[in-house]
Protein chains: 2
Amino acid sequence: MARCPSEPRRNLAHEIASKMRRGIISGTFKPGEALAEPALAGRFGVSRAPVREAMIELERAGLVQFEITGRTRVRMLEEKDVVEIVEARIALESMGARLAAVRWTDEDTRWIERSITAQQKAASGVKFSALDIAMHEYIMNRGGNDRLFTLWQFVRWQFEMALTHIHSLQETQAPDLRCFSVTGHRKVLKALVERQPEMAAKVMSRHIKDSIEWYPGKRRGPSRQSRARIALPCKTRGHAVPVNVLNPFSQ
Amino acid sequence: MARCPSEPRRNLAHEIASKMRRGIISGTFKPGEALAEPALAGRFGVSRAPVREAMIELERAGLVQFEITGRTRVRMLEEKDVVEIVEARIALESMGARLAAVRWTDEDTRWIERSITAQQKAASGVKFSALDIAMHEYIMNRGGNDRLFTLWQFVRWQFEMALTHIHSLQETQAPDLRCFSVTGHRKVLKALVERQPEMAAKVMSRHIKDSIEWYPGKRRGPSRQSRARIALPCKTRGHAVPVNVLNPFSQ
DNA sequence: TAATTGTAAAGTGTCGACACTTTAACATTG
DNA sequence: CAATGTTAAAGTGTCGACACTTTACAATTA
């Protein structure tokens with residue numbers, strides 16, 4: 001389904017990069033953890049060369065960080081980083097939705113409807129998140145812009161990594177989030193079905209911004225009380241104002 | 001000035017990646033050209049390892065392409081690619097401008113004003129383009145979102161590469177483009193000075209879209225006659241319509 | 001001539017080795 | 001005890017080598 005602009009090399013380096021990516025996203029490798037090449041090479045049963053090459057791939061994707069000394073660590077996440085990631089998602093996905101709206105077909109509609117149905121039946125928060133992201137991926141892919149899609153993947157991985165480190169996501173309020181998020185998805189779908197690019201972009205922006213505000217710990221949805229802010233298109237009379245977002249890391 | 005989220009390793013691989021990037025952007029390495037590791041290693045007087053690592057960096061930035069066989073080529077550019085690059089620029093830079101508007105200072109204003117002055121005095125098309133991109137970089141940087149900035153750099157390099165391969169840019173209509181583009185820059189600056197995020201995003205989108213339509217060969221600016229289309233926020237009554245862009249590769 | 005096959009050249013994927021740098025543990029000294 | 005110097009361990013940067021694969025070319029054949 002997902003397209004791959006530049007066919008990936010089928011070598012050890014790329015394979016290890018994929019494994020490492022999954023490991024970082026799933027939390028096997030924790031933020032700030034040192035990634036020594038000899039240790040990883042031993043772990044995967046290869047020499048250091050493929051490991052080094054994999055590290056470069058992960059660094060470009062923003063999942064690990066090179067220090068001035070040459071050492072590599074899993075990238076750390078603070079509140080500020082989540083805001084950055086969400087802002088980047090909004091930038092890319094609003095354009096993605098805009099593009100997808102122009103080329104939208106009935107088959108696409110059916111795909112999304114099936115996805116939404118599955119989302120409603122999702123048994124757990126993590127299962128729901130997987131379906132949620134898969135739907136966003138589908139729309140980004142349908143935008144037809146390979147470069148936009150590639151950039152989006154970088155952000156998507158960082159977002160998934162952030163999700164696993166937001167404690168409050170775990171199970172607790174899954175039903176509320178699910179219900180709220182599905183409502184947003186329906187609005188996005190409506191704009192796409194009606195082939196209204198601007199509406200799709202706008203609704204997508206709001207959906208992403210709103211859904212992230214559900215994660216923190218509050219149960220009643222978006223609020224305006226916290227410090228971090230996410231810029232988003234929001235009409236006010238003449239002077240637009242950035243809306244607040246709750247702190248995703250509050251325990 | 002430009003920030004660097006993850007301090008780059010100061011090793012041969014990164015150095016070579018930079019040189020190769022400059023070479024690809026400037027046209028020393030032409031689109032479709034094969035990049036054999038032994039040849040490059042000899043050229044730079046190093047072994048293959050750093051070259052391999054540099055290739056991975058460039059592939060992630062979208063400047064080169066890996067084939068299924070493992071061989072590497074400078075990425076080729078068609079009309080479709082320019083559309084993708086510009087759409088990605090619009091997505092990223094509209095958000096960048098939105099963010100920059102919130103944090104805009106008088107010092108930033110002075111910087112941009114100096115830049116615009118220099119742009120007006122630019123002696124050549126290439127010189128103007130350099131100043132133009134530097135101004136866009138400044139604004140992206142002022143957005144304060146490191147991830148957005150990093151993603152933007154990828155697109156920026158691809159855009160610069162595309163520019164060197166658009167024949168019509170060379171000198172001929174430099175004055176017209178310059179005049180037109182500076183007008184757009186002033187509108188962007190106005191929105192930033194007034195700290196209107198939505199206005200800044202909107203004006204930036206339109207500026208990017210319009211300026212690329214100048215490159216083709218026409219002298220009278222944006223037209224609606226060509227095949228390729230760039231999606232852009234543009235208000236129509238209820239139903240937004242993608243606007244056309246001229247073919248940048250028409251000789 | 002055109003197609004096919006065999007062979008050499010070129011290129012990639014991976015590894016182990018070595019030099020240099022940073023880190024960390026330990027011993028020394030005030 | 002704290003501060004400092006010392007040394008061994010760990011880690012990175014780079015290289016050359018070798019096996020395997022793909023490509024290019026030439027010879028062979030229909």
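All chains are named by letter (A, B, ...) in the order of the sequence lines, taking the proteins before the strands, and each is independently numbered beginning at 1.
- Using a 4.0 Å cut-off between charged side-chain N and carboxylate O, Arg147(A) and Asp81(B) make a salt bridge.
- In this structure, CZ of Arg73(B) is placed 11 Å from P of dT12(C), rounded to the nearest angstrom.
- Following rounding to the nearest Å, Leu12(A) (CG) and dC15(C) (C1') show an atom-to-atom distance of 11 Å.
- The distance between atom CD of Glu67(B) and atom C1' of dT21(D), rounded to the nearest whole Å, is 14 Å.
- Of the residues in residues 29-45 of chain B, Leu35(B), Ala36(B), Glu37(B), Pro38(B) come within less than 4.0 Å of DNA chain C through at least one heavy atom, sorted by number.
- In this model, a donor atom of one side chain and an acceptor atom of the other lie less than 3.5 Å apart for Thr105(B) and Asp108(B).
- Put simply, the residue from Ile16(B), Thr72(B), Ile24(B) that forms a side-chain contact (heavy atoms from CB on, under 4.5 Å) with Leu58(B) is Ile24(B).
- Going from atom CD1 of Ile68(A) over to atom P of dG11(D) covers 18 Å, rounded to whole Å.
- Here Arg73(B) does not pair with Glu33(B) in a salt bridge; the nearest charged N to carboxylate O distance is not below 4.0 Å.
- The NE2-C1' distance, from His14(B) to dG13(D), rounds to 15 Å in whole Å.
- Counting non-hydrogen atoms under 4.0 angstrom, Arg71(B) reaches the backbone sugars and phosphates but no base.
- Salt-bridge annotation for Arg71(B) and Glu67(B): absent, with no side-chain N of the basic residue lying under 4.0 Å from a carboxylate O of the acidic one.
- When only modelled atom types and interatomic distance are considered, His136(B) and Arg156(B) share no side-chain donor-acceptor pair under 3.5 Å.
- Glu53(A) has its CD atom 15 Å from the C1' atom of dT12(D), to the nearest Å.
- Among the nucleotides dC15(C), dT22(C), dT22(D), the one closest to any side-chain atom of Thr69(A) is dT22(C).
- One can place CZ of Arg52(A) at 16 Å from P of dG16(C), the figure rounded to the nearest angstrom.
- Between Ala49(A) and Thr72(A), the residue anchored closer to the 5' end of DNA chain D is Thr72(A), taking for each the nucleotide with the nearest heavy atom.
- Taking atom CD1 of Ile56(B) as the reference point, atom C1' of dT12(C) lies 12 Å away to the nearest angstrom.
- A side-chain N or O of Ser115(B) and one of Gln119(B) form a donor-acceptor pair less than 3.5 Å apart.
- Closest-nucleotide positions on DNA chain C for Asn11(A) and Arg48(A) were compared, and the one nearer the 5' end corresponds to Asn11(A).
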